[in-house]
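Scroll down for the structure; my scribbles are underneath it.
Indexing begins at 1, ligand by ligand and atom by atom, following the structure's order. Just so it is clear, the structure is predicted and the values come from calculations on it, not from any experiment. Along the sequence shown, residues are numbered consecutively beginning with 1.
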Amino acid sequence: MKVYVDGKYYDKEDAKISVFDHGLLYGDGVFEGIRAYKGKIFKCDEHIRRLYDSARAIWLTVPMSEEQMAVALHATLEVNKLKDAYIRLVVTRGKGDLGLDPRKCPKATVIIIADSIALYPEEFYEKGLEVITTATRRIPPDCLSPRVKSLNYLNNIMAKIEGIQAGCMEVIMLNRSGYVAECSADNIFMLRDGRLFTPPLEAGALGGITRNTVLELARGAGYETQEPNLTLYDLYTADEVFLTGTAAEVMPVVKIDGRVIADGKPGQATRDLRKRFMKLVGR
Ligand code: PXG
């Protein structure tokens with residue numbers, strides 16, 4: 001495996017950054033999780049746009065153009081001879097000193113790792129996931145915008161640990177008002193009477209690339225879509241619930257906090273939208 005670090009490729013063992021990098025010292029940086037299907041990077045421009053928006057929002061200058069970033073992403077796939085892959089793109093504040101001051105970091109660090117994907121086992125798509133709601137609430141947008149895909153994932157990791165302890169692979173996080181925000185690394189959707197709902201970004205959701213794609217696919221297929229605040233009551237009484245994300249794609253949910261959703265099987269619309277998504281990515 002060859003890893004891209006600041007314009008050069010290193011073997012996995014030799015791909016290293018400084019212990020003074022503020023990405024490590026403070027979680028000061030941004031990242032993207034991207035997928036390639038059959039050699040084509042899925043929604044490459046959208047991921048690059050989100051990365052640069054995240055960077056701009058935290059006063060971080062990415063030391064290359066968006067066009068150069070696209071070239072670097074494709075080159076990293078090429079060097080590793082990967083067709084179906086998971087790409088982790090990380091931009092940190094760079095090497096600085098032992099203080100918060102980002103002005104001490106003259107140049108951002110850019111890392112691109114491309115690996116074969118660890119897929120969710122097929123059985124989860126057939127049977128559906130069981131999830132719980134966590135006590136850990138999503139960080140409020142007035143503290144750190146969830147729109148920024150930053151290297152500060154502790155909030156989500158605390159939620160993930162609650163899920164692991166309950167035997168669940170994914171968890172639902174509420175915002176401080178008690179409305180549904182999203183999951184630890186996925187967005188959430190529900191269906192009711194044929195209409196598709198997902199929480200608004202203001203509720204504390206990341207603007208997921210898969211979320212956008214599924215909303216577009218659904219509208220194109222004639223579903224009515226809405227983005228209202230959703231409560232746990234809405235999810236518990238939904239006809240269908242599913243998750244979207246780069247890793248999960250479209251994943252049915254059949255149990256929430258011990259309550260069986262509808263008949264406990266992946267729903268018709270979920271299967272339909274999953275099929276449309278898989279067609280779009282060519283699988
Ligand atoms: N919410 C959060 C908090 C996320 O981190 C999503 C929603 C879904 O967004 P996309 O753009 O992927 O549809 C994410 C995505 C990983 C990993 O390795 C995490 C994500 C994506 C890919 C890999 O844990 N998070």
Is there a heavy atom of [X] sitting under 4.0 angstrom from any atom of ligand 1?
{"X": "S184", "result": "yes"}
{"X": "R88", "result": "yes"}
{"X": "E32", "result": "no"}

Within the 6.0 Å centroid threshold, strictly below: Y10 and Y4: no
NZ/K95: more than 12 non-hydrogen atoms of other groups inside 6.0 Å: no
Heavy atom of the protein closest to [atom] (residue, atom name, distance):
{"atom": "atom 5 (O) of ligand 1", "answer": "Y153 OH, 2.5 Å"}
{"atom": "atom 1 (N) of ligand 1", "answer": "E182 OE1, 2.6 Å"}
{"atom": "atom 14 (C) of ligand 1", "answer": "A185 O, 3.4 Å"}
{"atom": "atom 8 (C) of ligand 1", "answer": "N187 OD1, 3.7 Å"}

E240 side chain to T270 side chain, donor-acceptor N/O pair below 3.5 angstrom: yes
Y26 versus N152, side-chain donor and acceptor atoms under 3.5 Å: no
Atoms in ligand 1 with a heavy atom of Y86 nearer than 4.0 Å: 16 (C), 17 (C), 18 (O), 22 (C), 23 (C)
Sub-4.0 Å atoms of ligand 1 with respect to non-hydrogen atoms of G208: 9 (O), 10 (P), 11 (O), 13 (O)
Does [X] reach ligand 1 with a nitrogen or oxygen that is under 3.5 Å from one of the ligand's nitrogen or oxygen atoms?
{"X": "R50", "value": "yes"}
{"X": "K149", "value": "yes"}
{"X": "R211", "value": "no"}
{"X": "T244", "value": "no"}

Heavy-atom side-chain contact between E78 and N80 under 4.5 Å: no
I172 side chain near T134 side chain, heavy-atom distance below 4.5 Å: no
Under-4.0 Å heavy-atom contact with ligand 1, by part of D186 that carries it: backbone
Salt bridge (Lys or Arg N to Asp or Glu O under 4.0 Å) assessment of R103 paired with D101: CA-CA 5 Å; R103 293 172 303 181; D101 192 346; 2.8 Å; yes
Parallel, tilted or perpendicular: rings of F189 and F242 (30°, 60°): parallel
Pairing residues for H47 by the ring-ring contact (aromatic ring centres under 6.0 Å, His included) criterion, not counting sequence neighbours: none
